[in-house]
Amino acid sequence: MDTRIAVISIIVEDREVVDALNHLLKDYGEYIIGRMGLPYCSKAGKIHLISIAIDAPQDVISTLAGKIGKLSGVSVKTALSNMVIHEA
């Protein structure tokens, strides 16, 4: 199955959804290369910035990003590499 490398950027403004977000990331853990999270206190309030590096089929990447985007108080964007990895 062909896979692609991508970065999923997540901004969490509502801390109440963190458990649901972590559950989603655990469900897709077999595809996740790495994760970095940063808390940030802005003038508007505290937010959390999360980056996920992932190696997965494009439909899996899109599905995960879509599920994350449906969480209340969460913004998500995905950047895909142009390189497609062909697996035998």
Side-chain angles (χ1 to χ4, degrees):
M1 180 176 290
D2 294 348
T3 65
R4 294 182 71 179
I5 305 297
V7 177
I8 301 175
S9 299
I10 306 163
I11 299 174
V12 180
E13 297 174 2
D14 181 0
R15 189 152 169 77
E16 296 295 317
V17 301
V18 169
D19 286 339
L21 175 60
N22 283 331
H23 183 73
L24 279 173
L25 296 178
K26 180 183 168 204
D27 289 346
Y28 287 83
E30 68 185 275
Y31 302 107
I32 294 175
I33 301 167
R35 169 183 176 170
M36 178 181 66
L38 299 168
Y40 179 66
C41 292
S42 71
K43 294 176 184 173
K46 188 171 183 178
I47 61 173
H48 299 273
L49 309 169
I50 303 168
S51 294
I52 306 295
I54 188 168
D55 180 357
Q58 188 167 348
D59 62 329
V60 171
I61 295 168
S62 297
T63 299
L64 175 57
K67 288 179 179 181
I68 292 170
K70 288 182 181 179
L71 297 173
S72 176
V74 175
S75 301
V76 64
K77 294 290 180 186
T78 303
L80 293 162
S81 70
N82 291 324
M83 183 175 60
V84 177
I85 301 167
H86 303 285
E87 295 185 15

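Under a hydrophobic-cluster definition in which Ile, Leu, Val, Met, Phe, Trp and Tyr are linked whenever side-chain heavy atoms come within less than 4.5 Å, directly or via other members, Leu24 and Val7 are assigned to different clusters. Cluster annotation: Val12 and Tyr40 are assigned to distinct hydrophobic clusters (Ile/Leu/Val/Met/Phe/Trp/Tyr, side-chain heavy-atom contacts under 4.5 Å, transitive). Under a hydrophobic clustering in which Ile, Leu, Val, Met, Phe, Trp and Tyr are joined whenever their side-chain heavy atoms come within less than 4.5 Å, directly or via other members, Ile10 and Val18 fall into the same cluster.
Considering NZ of Lys67 and CG of Leu25, their distance stands at 11.5 Å, rounded to 0.5 Å. Here the CG-NE2 distance, from Leu38 to His48, works out to 10.5 Å after rounding to the nearest 0.5 Å. One distance of note links CG of Leu80 with CE of Met83; it measures 12.0 Å at 0.5 Å rounding. Taken to the nearest 0.5 Å, the CZ atom of Arg15 stands 13.0 Å off from the CD1 atom of Ile47. In this structure, CZ on Arg4 lies 5.5 Å from OG on Ser81, to the nearest 0.5 angstrom. Atom-to-atom distance recorded for Leu64:CG and Ile8:CD1 is 4.5 Å, nearest 0.5 angstrom.
You'll find the side chain of Ile85 reaches within 4.5 Å of the side chain of Ile5, heavy atoms only. Proximity of Val74 to Leu21: side-chain heavy atoms (C-beta onward) are nowhere separated by under 4.5 Å.
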Can you check side-chain contact (heavy atoms from CB on, under 4.5 Å) on Thr3 and Tyr31, steps first, answer last? CA-CA 10 Å; Thr3 65; Tyr31 302 107; over 6 Å; no
Assess whether side-chain contact (heavy atoms from CB on, under 4.5 Å) is satisfied between Ile52 and Ile68, documenting all intermediate values. CA-CA 12 Å; Ile52 306 295; Ile68 292 170; 5.9 Å; no
Please assess Leu71 against Val76 for the test side-chain contact (heavy atoms from CB on, under 4.5 Å), listing each intermediate value before the final yes or no. CA-CA 10 Å; Leu71 297 173; Val76 64; over 6 Å; no
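Considering all non-hydrogen atoms of both residues, Val17 and Ser72 come closest at CG1-O, 3.1 Å. Annotation for Ala56 and Ile61: closest pair O-CD1, 3.5 Å, computed over non-hydrogen atoms.
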